[in-house]
Amino acid sequence: MDQTHASSPLAGAVHDLATEVVLALRSGDHLATVCGAAGIDEENRTGIAAARVIGADLLLPSVLYGRHPHPGDVAVLDRAVREFPPKPDAPAATAWSHWHMISTLQRMAPPPPGAAAPAPYAEPDAAWLEGAPWQAFTHQLSVLAPLAVPAAPSAVRQAATNRAVDLSRGFVRAVRRRDWLQAAGAGRWLAAIGGEPATLGLERGLDFVELMGGHDPRVTLHVRAARLMAEARAR
């Protein structure tokens, strides 16, 4: 689902959605609709595909501020889950992203009183992360940065916790390679789990990543999420 051509309709919709998530994170306005502000509803197929790219981060403002998500955003994310299920041969990261979207919907938008709760959606396999070289591990975790949120345990989060030093090495490597999106994703994980070496200087590093890569709203989204989680951990 990744799309790098800024001129494509999908890339434009991803950019707009990520921008609206960033604005909501900055303002804390949980009543505003991310999708509505970007001109996307559940009948807009390009918008639904963009929501699949953004994943569960579509509801990130509500997750981090502990508030109810807008029904329009829930409807778009639910449609993305149904329209773009992972294929049997899909990469593990795609399966995990799909799992996280479903689990976020179940946690943040439970069924109305009296309705039957859906059965928990089983986690995909995460054994492939255990032996991955630290470079590949950082790349995969950065792709799965939407899973780096509070109160969302998973095998991926446990792997990140167990390999915080490897993630720190990956963060530094991504900065040196000027891969701002990977650096922002790795930094978000470190802010969520802690355990990074004190010498890393994560806060200053994230400032630099945002300064250099902030033209991409997905970079800013991860950095802003990292700051909010680090502030919450410090309280």
Side-chain angles (χ1 to χ4, degrees), residues 1-8 10-11 14-15 17-19 21-22 25-26 53-57 60 64 91-94 96-97 100 126-150 152 154-234:
M1 295 300 296
D2 190 28
Q3 174 60 266
T4 57
H5 300 291
S7 60
S8 75
L10 176 58
V14 170
H15 183 281
L17 274 180
T19 298
V21 172
V22 170
L25 289 175
R26 285 175 172 163
V53 175
I54 297 295
D57 274 346
L60 184 62
L64 293 184
T94 300
W96 271 103
S97 176
H100 185 53
W128 52 281
L129 286 172
E130 296 177 5
W134 62 269
Q135 299 94 330
F137 181 77
T138 302
H139 169 71
Q140 292 296 329
L141 266 291
S142 69
V143 172
L144 293 173
L147 276 74
V149 291
S154 68
V156 172
R157 185 185 183 93
Q158 188 58 54
T161 301
N162 293 342
R163 300 184 63 177
V165 173
D166 283 346
L167 266 179
S168 299
R169 294 174 68 189
F171 175 78
V172 173
R173 178 176 181 267
V175 170
R176 288 175 174 170
R177 292 165 60 91
R178 305 177 72 84
D179 188 340
W180 309 122
L181 186 57
Q182 184 174 131
R188 175 172 168 177
W189 272 110
L190 291 170
I193 63 175
E196 75 277 6
T199 54
L200 180 64
L202 180 61
E203 182 177 355
R204 292 191 300 275
L206 286 170
D207 288 343
F208 182 70
V209 168
E210 184 176 27
L211 175 66
M212 300 299 293
H215 58 279
D216 184 343
R218 296 174 299 169
V219 170
T220 306
L221 188 161
H222 291 325
V223 171
R224 181 60 184 168
R227 289 187 181 131
L228 288 171
M229 289 187 287
E231 291 168 3
R233 286 177 51 218

Q.
Do Val143 and Trp96 make a side-chain contact, defined as non-hydrogen atoms from C-beta onward lying under 4.5 Å apart?
A. no
Q) Looking at OG1 of Thr138 and CG of Asp179, how far apart are the two atoms once the value is rounded to the nearest 0.5 Å? A) 10.5 Å
Q. Which atom pair, heavy atoms only, marks the closest approach of Val219 to Gly213?
A. CB-O, 3.5 Å
Q.
Using 0.5 Å steps for rounding, measure from the CZ atom of Arg157 to the OG1 atom of Thr161.
A. 6.0 Å
Q. Between atom CD of Gln158 and atom CD1 of Ile193, what is the distance when rounded to the nearest 0.5 Å?
A. 9.5 Å
Q) How close do Leu200 and Ser168 get, heavy atom to heavy atom, and via which atoms? A) CD2-OG, 3.8 Å
**Q.** Residue pair Ala155 / Ala126: nearest heavy atoms and the distance that separates them
**A.** CB-CB, 3.6 Å
Q. Given Glu210, which of Arg224, Arg227, Arg218 fulfils the salt bridge (Lys or Arg N to Asp or Glu O under 4.0 Å) condition?
A. Arg227
Q) Would you say the side-chain atoms of Trp189 pair up with the backbone N or O of Leu141, donor to acceptor, closer than 3.5 Å? A) yes
Q: Locate the shortest heavy-atom distance separating Met229 from Pro150; write the atom from each residue and the value.
A: SD-CD, 3.7 Å
Q) If you count the non-hydrogen atoms of other residues, nucleotides and ligands that lie under 6.0 Å from CZ in Arg233, is the total more than 12? A) yes
Q. CG of Leu228 to CG of Leu25: how many Å apart, nearest 0.5 Å?
A. 6.0 Å
Q) Can you name the closest pair of heavy atoms from Ala186 and Ser142 and give their distance? A) N-CB, 4.2 Å
Q: Compare all side-chain heavy atoms of Arg188 with those of Val149 and state whether any distance is below 4.5 angstrom.
A: yes
**Q.** Neighbour count above 12 (heavy atom, 6.0 Å) for Gln135 CD
**A.** yes
Q.
Does any part of the side chain of Arg26, heavy atoms only, come nearer than 4.5 Å to the side chain of Thr220, both counted from C-beta?
A. yes
(Q) Let's go through Leu181 and His222 carefully: what are the C-alpha distance in whole Å and the side-chain angles of both, what is the deciding distance for side chain to side chain contact (heavy atoms under 4.5 Å, CB included) to 0.1 Å, and is it a yes or a no? (A) CA-CA 8 Å; Leu181 186 57; His222 291 325; 3.9 Å; yes
Q. Do Leu167 and Trp134 come within less than 4.5 Å of each other through their side chains, counting heavy atoms only?
A. no
**Q.** side chain to side chain contact (heavy atoms under 4.5 Å, CB included) between Trp180 and Asp216, worked out
**A.** CA-CA 9 Å; Trp180 309 122; Asp216 184 343; over 6 Å; no
Q: Given side chain to side chain contact (heavy atoms under 4.5 Å, CB included), test Leu17 with Val21 step by step and report yes or no.
A: CA-CA 6 Å; Leu17 274 180; Val21 172; 5.5 Å; no
Q: Of all the heavy-atom pairs spanning Ala145 and Gly185, show the shortest one and how long it is.
A: CB-CA, 3.9 Å
Q) What's the spacing between Leu144 CG and Thr94 OG1 if we round to 0.5 Å? A) 8.5 Å
Q: Answer yes when Asp166 and Arg173 have at least one side-chain N-carboxylate O distance shorter than 4.0 Å, and no when they do not.
A: no
Q. Is His100 reaching over with its side chain to a backbone N or O of Pro146, donor-acceptor style, under 3.5 angstrom?
A. yes
